[in-house]
Number of protein chains: 2
Amino acid sequence: MATRALDRVGSEPLWRQLQRELLNRLDAGEFSEQFPGEMALAEEYGVSRHTVRQALRQLRADGMIVAERGRQPRVAPQPEIQQPLGALYSLFASVEAAGLPQHSIVRTFDTRADALVAERLGLEASTPLVYLERLRLAGDEPLALDRVWLPASLASPILGADLGHTSLYAELAARTGIRLDRGHEDVHAVIPTAAERNQLNCAHDVAAFSINRLSHAHDRPVEWRHTLVRGDRYALTAEFSASTGYRLVQSPPAD
Amino acid sequence: MATRALDRVGSEPLWRQLQRELLNRLDAGEFSEQFPGEMALAEEYGVSRHTVRQALRQLRADGMIVAERGRQPRVAPQPEIQQPLGALYSLFASVEAAGLPQHSIVRTFDTRADALVAERLGLEASTPLVYLERLRLAGDEPLALDRVWLPASLASPILGADLGHTSLYAELAARTGIRLDRGHEDVHAVIPTAAERNQLNCAHDVAAFSINRLSHAHDRPVEWRHTLVRGDRYALTAEFSASTGYRLVQSPPAD
DNA sequence: CAGTGGTCTAGACCACCGA
DNA sequence: CGGTGGTCTAGACCACTGC
């Protein structure tokens with residue numbers, strides 16, 4: 001293996017150049033299921049093993065590379081699986097943890113344009129969007145009203161799917177390879193309209209969480225979502241500390 | 001400076017022993033406002049500089065020690081300042097960011113017992129508690145109804161404070177040295193009662209966040225808090241990604 | 001067994017900061 | 001200027017893994 005060139009006159013540290021180089025090669029799909037050892041990298045780039053370790057430190061901490069004593073180093077299986085996260089996941093997971101089976105009733109599942117949503121996704125107003133509207137149930141009781149818009153150019157392969165029992169994100173990953181890796185959401189407290197109360201089958205004195213979410217994959221907007229969650233039996237729960245920051249956890253068993 | 005002993009026969013790495021040793025000395029209050037350099041530590045413990053750096057790596061990443069080129073290394077000013085965090089802080093900070101001045105009207109501020117709250121704090125039912133009830137305003141508009149209980153044995157020094165314009169946590173830290181470092185909270189969506197609507201001066205069609213929080217300092221329960229926040233103009237906002245996890249951010253300017 | 005990563009040493013040069 | 005941390009080298013020994 002010929003020695004690859006690193007710039008030794010510029011001011012950028014060797015380990016950072018090496019780290020960038022390795023990230024590029026990882027993105028390019030090199031090293032699939034096989035990653036070179038520290039010695040090999042040191043020789044390939046003509047640097048010391050210490051420098052290689054410094055370059056690898058962050059990659060290992062970020063879980064992009066798995067290396068253990070004795071084992072062959074590997075690239076991490078799917079570093080960006082990020083289907084579960086956010087307030088919605090927290091809410092639904094707590095229901096699951098309580099032993100309630102969940103499923104959905106698909107109300108609408110088609111392709112359409114929506115200027116307002118398109119703008120939020122950063123797209124032209126007339127861009128065709130896959131639209132999915134579901135009523136989510138826990139046990140036999142309605143839990144949430146869920147509406148999702150995705151760019152049809154990316155998401156049209158999911159149109160044939162049965163989303164009554166499978167996760168949208170799982171289906172999206174399986175059919176298009178797209179995995180959400182970043183998102184932004186806001187949570188409002190609202191009083192459901194009469195129509196929403198009717199769909200959710202809840203009393204007139206029940207409030208709800210209104211959650212808007214914009215999700216990205218590789219810095220491209222992929223999903224705009226609006227979900228209305230019954231507030232009478234479901235709550236957000238979080239723990240926080242100086243070291244771990246703010247972390248949503250599963251709610252304790254419903255009152 | 002005599003060389004301090006590290007165990008070179010056991011299996012525990014030198015850098016880990018050194019790290020533990022330094023943490024102990026930090027907790028003991030040594031190094032106040034002055035921390036030894038890498039060379040000094042290497043000589044003091046009879047190890048190489050590399051080993052010292054390995055031991056310091058995590059301490060620096062955690063922000064317990066501040067070291068820069070050329071500067072004298074220091075211990076971080078207050079590693080466990082954790083007053084701001086959680087949904088409440090997020091909500092109030094977004095109001096502040098919008099340029100609205102905030103203050104409180106103290107409705108009640110005394111010492112009493114409350115069996116229900118005491119239980120949640122893990123205390124005997126008859127334990128005296130400092131009780132503070134405030135109406136929080138943003139501009140001249142009511143924003144939240146805030147009720148806090150703290151064990152009187154810890155918090156009685158704050159009883160003389162004017163909490164109309166200063167933070168409870170700042171006052172608590174100044175008068176008792178107690179700084180909250182961990183907490184747990186749950187957020188519900190509710191419809192305010194008529195009395196609460198009246199206090200918050202909000203319309204009948206407005207929902208609210210109901211937030212319960214249990215805070216700790218050094219693993220001891222210190223605060224039980226219940227806050228009711230108007231839901232019409234204030235929302236929780238969060239960002240999340242694979243690398244940074246879930247992080248509450250300030251809401252965008254209110255609609 | 002050969003190869004892996006974890007640990008450790010003893011040097012070195014440099015950019016940067018404060019006195 | 002002396003001392004700091006950042007970077008880098010060229011070694012070494014070891015525990016562990018898989019063949």
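As a basis for the values below, the full set of heavy atoms in this structure was taken, side chains included, without hydrogen atoms, waters or symmetry mates.
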Trainee: Provide, to the nearest angstrom, the distance between the CZ atom belonging to A:R74 and the P atom belonging to D:dT17.
Mentor: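 For the pair A:R74 CZ and D:dT17 P, the rounded distance is 12 Å.
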Trainee: Rounded to whole angstroms, how far apart are CD on B:E38 and P on C:dG11?
Mentor: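 Interatomic distance, CD of B:E38 to P of C:dG11: 17 Å.
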Trainee: Considering residues, nucleotides and ligands other than A:E30, do more than 12 of their heavy atoms fall under 6.0 Å from its CD?
Mentor: yes
Trainee: Heavy atoms under 4.0 Å, any strand shown: does B:R60 hit a base, just sugar-phosphate, or nothing?
Mentor: sugar-phosphate
Trainee: Using the test salt bridge (charged side-chain N to carboxylate O under 4.0 Å, His left out), find all partners of B:D219 that sit at least two apart in sequence or belong to another chain.
Mentor: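 B:R182.
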Trainee: In this structure, how many angstroms lie between the C1' atom of C:dT4 and the CG atom of A:L41, rounded?
Mentor: 13 Å
Trainee: Has B:R53 got a side-chain N or O lying under 4.0 Å from the OP1 or OP2 atom of D:dG5?
Mentor: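 No, outside the criterion.
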Trainee: Might you list the N or O atoms of the protein lying below 3.5 Å from N or O atoms in nucleotides 12-15 of chain C, with each pair's distance?
Mentor:
from   : atom 1 : to    : atom 2 : distance (Å)
C:dA12 : N6     : B:R49 : NH1    : 3.0

Trainee: Just the rounded figure in Å: distance from C1' of C:dA10 to NE2 of A:H50.
Mentor: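 From A:H50 NE2 to C:dA10 C1': 13 Å.
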Trainee: Does the side chain of A:R8 get closer than 4.0 angstrom to OP1 or OP2 of D:dT9 through an N or O atom?
Mentor: yes
Trainee: Would you classify B:T51 as touching base, sugar-phosphate or nothing, given that sugar-phosphate means primed atoms plus P, OP1 and OP2, and contacts are heavy atoms under 4.0 Å?
Mentor: sugar-phosphate
Trainee: What is the distance from CD of B:E12 to C1' of D:dA15, rounded to the nearest Å?
Mentor: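 Distance, rounded to whole Å: 16 Å.
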Trainee: Taking the six-membered ring where the residue is Trp, are the ring centres of A:H184 and A:H216 under 6.0 Å apart?
Mentor: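 Not under 6.0 Å, so no.
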Trainee: Measure CD/B:Q54 against P/D:dC8 and give the value in whole Å, please.
Mentor: 17 Å
Trainee: At under 4.0 Å, does any side-chain N or O of B:R71 touch on OP1 or OP2 of C:dG18?
Mentor: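 So the side chain of B:R71 is within the cut-off, an N or O lying under 4.0 Å from OP1 or OP2 of C:dG18.
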Trainee: Is any side-chain heavy atom of A:L26 less than 4.5 Å from a side-chain heavy atom of A:F31?
Mentor: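 Yes, close enough: below the 4.5 Å cut-off.
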Trainee: Got A:T176 and A:P157 here, is their nearest side-chain heavy-atom distance under 4.5 Å?
Mentor: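 When only atoms from C-beta onward are counted, A:P157 and A:T176 do touch, with a gap below 4.5 Å.
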Trainee: What does B:R16 touch in the nucleic acid at a heavy-atom separation under 4.0 angstrom: a base, only the sugar-phosphate, or nothing?
Mentor: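 B:R16: no heavy atom of the nucleic acid under 4.0 Å.
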Trainee: Calculate the interatomic distance between A:E68 atom CD and C:dG6 atom P; express it in whole Å.
Mentor: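 Atom-to-atom, A:E68 to C:dG6, this comes out as 9 Å.
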Trainee: Which residue is it: A:D146, A:V187, A:D186? I am looking for the one with a side chain to side chain contact (heavy atoms under 4.5 Å, CB included) to A:I211.
Mentor: A:V187
Trainee: Considering residues at least two apart in sequence or located in another chain, which fulfil the salt bridge (charged side-chain N to carboxylate O under 4.0 Å, His left out) criterion with A:R220?
Mentor: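 Salt bridge (charged side-chain N to carboxylate O under 4.0 Å, His left out) check on A:R220 returns nothing, list empty.
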Trainee: Grab the CG-P distance between B:L14 and D:dC14 for me, whole Å please.
Mentor: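 It is 14 Å, rounded to the nearest whole Å.
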